[in-house]
Amino acid sequence: MNLSVIGGTGYVGLTAAVCLASKGHLVFCVGRNEEKVSKINMGIPIIYEENLEKLLNDALEKKKLVATTNLKDAVKESDVSFICVGTQSMEDGSIDLGQVEGASVEIGQALGEKEGYHVVTVKSTVVPGTTEDFVVPILERFSGKKAGVDFGVCVNPEFLREGRAIRDFLFPKDTGIVIGALDERSSSFLLEIFKEFDGEIMETSLRCAEMVKYARNAYLAKDISFANEIANICQKIGVDYLEVRKGMEMDVRIGKGRFLDAGVGFGGSCFPKDVQALVSKSVQSEIKPRMLEATLKVNEEQPFMAVRLTKQVLGALRGKKIAVLGMAFKPGTDDMREAPSVRIVNALLSEGAEVAVYDPIALNSARKIFGDKVIYKKRVAEALNKADACVIATEWKEFAEPSIYNNMRGRVIIDGRRVLDPRKLPQGFIYHAIGFPKAVKT
Ligand code: UGA
């Protein structure tokens, strides 16, 4: 099939484009920014994601992917288009549909000029009802055509995790594939595309598919906040959360592999924004979203737990040299959107500490946020050199190596992600962690 991906230079769009091209479809990857478009055509992936560069270059070589700024032609030459544009939060927490609106207007105009049937698929995360009540009317108005007659409409939410997005897209065994469709003809196109992928397919309505995405993310975020709350209680009553978690996981109804890692909280472009958007939608629908609000509240406060522990061990922080290890919201990415590290660094700075930061790949992102307020170190050993304390904010593997902490001055380690085993640390360290009963001297 011929496919177009609108927002194809973004994170979800580019991932979808290269993966769909790898299945033999001809994919038009549509972006607004000429520089990004030409980089993609040169085989330079503009974001970091494992295996993306290889898949992109394979697709270009086989002439299965073309990046373009011309949305109209892309839609006219394709059978299905995927809307993958961003849906950032507005100040009141609801989502900004500006880019979805822009894409829908242009697709509508293209459909007006196009001969034959076409399926418009919303992949961007939008609150339930958006496709039916907002996207479809725009498409109809600007095309002069009728949804369900002249063109089809689907919702196909993405369940990609940053850092393993290509794997998640190509092997959706763990997540399944959700296809919301206006009618059978619309869904038949997506079924044809996704029959190539090994994952259970669920067919449903447009609204339900949109809700599945929010319900999943809210559920996972709620688990993390639950874990953090339990970990905070564990710490106060002097038990180790990791032990408690082990005990919890013995119950098959809880099980292993859940989102129960306690620490400095969740970040990223999805959980915080999606839970907030669902809160707004619930309030609009006159439902008080108590669980969702609590999920966000716990998460907002959790980064400060790491700062509190640092103060507990070090006393006043004014003039103290503190290294913050890990800037990215999770390992495997340079993304710092809503990263707990931002709150931690800002809190340390406001306490008067001198902060050095290190991350294996996110230092450029950090620079954009902190400017000259912190010191940037290209190596973990440099960040730790003569530090009075360090706070681990991202669970990069290299932070689990005890020998990297040897050149610290103060030898205080606050583990915000439980990456270190204090029993493996050399003598003379003070180790404390979120969900850990009390600071221990090694
Ligand atoms: C999340 C979901 O996991 C994906 O299924 C979904 O498709 C995606 O959002 C999206 O909506 O696009 P992502 O944000 O990439 O994916 O990252 P996760 O691996 O889910 O981690 C999110 C945050 O939660 C990170 O800051 C991570 O450190 C934190 N986390 C995760 C915990 O604090 N504890 C855990 O047990 C798990």
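We use all heavy atoms of the structure for the numbers below, so side chains are in, but hydrogens, waters and symmetry mates are not. Read the numbers this way: they start at 1 and go in the same order the structure lists the ligands and their atoms. Bear in mind that the values here come from a model prediction, so they are computed numbers and not experimental data.
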Ignoring hydrogens and geometry beyond distance, is a side-chain donor-acceptor pair present between [X] and [Y] at under 3.5 Å?
X	Y	result
Thr131	Glu210	yes
Asp183	Ser186	yes
Tyr358	Glu398	yes
Glu162	Thr333	yes
Asn364	Arg367	yes

Walk me through it: do Lys281 and Asp274 pass the test salt bridge (charged side-chain N to carboxylate O under 4.0 Å, His left out)?
CA-CA 10 Å; Lys281 184 71 189 174; Asp274 292 353; over 6 Å; no
Would you mind finding which of Ile224, Asn299, Leu260 brings a heavy atom closest to atom 31 (C) of ligand 1?
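Considering heavy atoms of Ile224, Asn299, Leu260, the nearest to atom 31 (C) of ligand 1 sits in Ile224.
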Check whether any N or O atom of [X], backbone or side chain, sits under 3.5 Å from an N or O atom of ligand 1, and answer yes or no.
X	value
Leu160	yes
Arg161	no
Phe329	yes
Arg258	no
Phe266	no

Identify, for [atom], the protein heavy atom at the shortest distance, and state residue, atom and that distance.
atom	result
atom 1 (C) of ligand 1	Phe271 CE2, 3.6 Å
atom 10 (C) of ligand 1	Cys270 SG, 2.8 Å
atom 37 (C) of ligand 1	Phe259 CD2, 3.4 Å
atom 21 (O) of ligand 1	Lys330 CD, 3.9 Å
atom 34 (N) of ligand 1	Asp261 O, 3.0 Å
atom 5 (O) of ligand 1	Phe159 O, 3.8 Å
atom 15 (O) of ligand 1	Glu162 N, 2.7 Å

Check this for me, if you would: do [X] and [Y] make a salt bridge, where the nitrogen-to-carboxylate-oxygen distance has to be below 4.0 angstrom?
X	Y	answer
Lys377	Glu382	no
Glu293	Lys288	yes
Asp240	Arg418	yes
Asp335	Lys330	no

Taking only non-hydrogen atoms of [X], do any sit less than 4.0 angstrom from ligand 1?
X	answer
Gly267	yes
Arg216	no
Gly268	no

What atoms of ligand 1 come within less than 4.0 Å of a heavy atom belonging to Arg417?
28 (O), 33 (O)
Distance under 4.0 Å to a non-hydrogen atom of Glu158: what atoms of ligand 1 satisfy this?
7 (O), 10 (C), 12 (O)
For ligand 1, indicate whether the residue Lys213 contacts it via side chain, backbone, both or neither (heavy-atom separation under 4.0 Å).
side chain
Using a 4.0 Å heavy-atom cut-off, say whether Thr175 meets ligand 1 through its side chain, its backbone, both or neither.
neither
When the aromatic ring centroids of Phe259 and Phe266 are compared, is their separation below 6.0 Å?
no
Just say parallel, tilted or perpendicular for the rings of Phe194 and Phe197, cut-offs at 30° and 60°.
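Ring orientation, 0 to 90° scale: tilted.
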